[in-house]
Enquirer: 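This structure is in structure tokens; I'll ask about it shortly.
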Amino acid sequence: MKIAFLDRDGTINRDYPDENWKNRIEPEILQGAIEGLKGLMNLGFKIIIITNQHIINDNIISLADYQIFTNNLKSRLNEYEIGELDIFYCPHSETEKCNCRKPNEGMIKSAILKYPEIELDKSILIGDSKCDEDLSKRAGIKFYGINGHYFSDNYASIEEVYKEINEQMEEL
Ligand SMILES: [Mg+2]
Ligand SMILES: [Zn+2]
């Protein structure tokens with residue numbers, strides 16, 4: 001089973017400065033995200049979201065806030081017949097030194113434990129932060145960077161990533 005591991009904030013939906021996450025319950029889906037996710041699913045990728053949410057244990061949002069936002073995101077994606085296989089999140093503060101906060105591999109390891117049929121060598125990781133890229137290197141997963149606060153000359157959206165992978169597959 002090949003997985004598209006996706007960062008959430010700044011990759012699928014808009015990201016904000018930490019303090020501005022208070023009282024956010026509706027995701028603002030980024031341009032090209034829906035088309036890209038649909039395309040990746042059509043290419044046979046299952047979708048797993050892996051997201052650092054240190055703002056939970058840093059007490060900027062509650063766990064309930066996280067869950068409300070997540071359910072709204074799922075609903076929005078489901079409207080377009082996008083079904084994610086799973087969502088893994090790390091609630092820990094940086095100071096807690098957990099194993100799941102990206103770029104640590106904990107969330108990938110949890111995914112493999114839960115879904116042993118995952119083939120990492122056929123999987124991809126898409127994200128907009130250095131921690132996503134660093135995780136991909138540690139885990140040995142092909143990485144695609146979404147332009148934003150960290151990358152500026154990579155891919156404009158998930159749709160652009162999908163198009164490139166689709167072209168590569170057609171050439172085979
Ligand atoms: Mg991000
Ligand atoms: Zn963690």
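Every number for a ligand or one of its atoms is a count from 1 in the order of the listing.
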Enquirer: Taking 2.8 Å as the cut-off, does Asp9 contribute an N, O or S atom near the Mg ion (ligand 1), distance below it?
Expert: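 Yes, since at least one N, O or S atom of Asp9 sits under 2.8 Å from the Mg ion (ligand 1).
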Enquirer: Is the distance from the Zn ion (ligand 2) to some N, O or S atom of His54 under 2.8 Å?
Expert: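 It does not; every qualifying atom lies at 2.8 Å or beyond.
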Enquirer: Rounded to the nearest 10°, what angle sits at the Zn ion (ligand 2) between SG of Cys100 and SG of Cys98?
Expert: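 Taking the Zn ion (ligand 2) as the apex, I get 120° for this pair.
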Enquirer: I need the OD1(Asp128)-the Mg ion (ligand 1)-OD2(Asp7) angle, rounded to 10 degrees.
Expert: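 Asp128 OD1 and Asp7 OD2 form an angle of 80° at the Mg ion (ligand 1).
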Enquirer: Looking from the Zn ion (ligand 2), what is the angle between ND1 on His92 and SG on Cys90, to the nearest 10°?
Expert: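 Roughly 110°, rounded to 10°.
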Enquirer: Using the rule salt bridge (charged side-chain N to carboxylate O under 4.0 Å, His left out), only one of Asp7, Asp128, Asp134 pairs with Lys102; which is it?
Expert: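 Answer after filtering Asp7, Asp128, Asp134: Asp7.
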Enquirer: At less than 2.8 Å, would any N/O/S atom of Asp15, backbone or side chain, sit next to the Mg ion (ligand 1)?
Expert: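 False for Asp15.
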Enquirer: For the CD atom on Gln31, are there more than 12 heavy atoms of other groups (residues, nucleotides or ligands in this structure) within a distance under 6.0 Å?
Expert: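 For Gln31, atom CD is not crowded (no more than 12 foreign heavy atoms under 6.0 Å).
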Enquirer: More than 12 heavy atoms of other residues, nucleotides or ligands under 6.0 Å from CG of Asn99: yes or no?
Expert: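 At most 12 heavy atoms, drawn from other residues, nucleotides or ligands, come within 6.0 Å of this atom.
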Enquirer: Checking Asn72 side chain against Phe69 main chain: does a donor-acceptor pair fall under 3.5 Å?
Expert: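 Not at all, since once roles are kept as given, no pair shorter than 3.5 Å links the two residues.
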Enquirer: Does a donor on one side chain sit under 3.5 Å from an acceptor on the other, for Glu28 and Tyr16?
Expert: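 Their side chains do contain a donor-acceptor pair, which is all the 3.5 Å distance test asks for.
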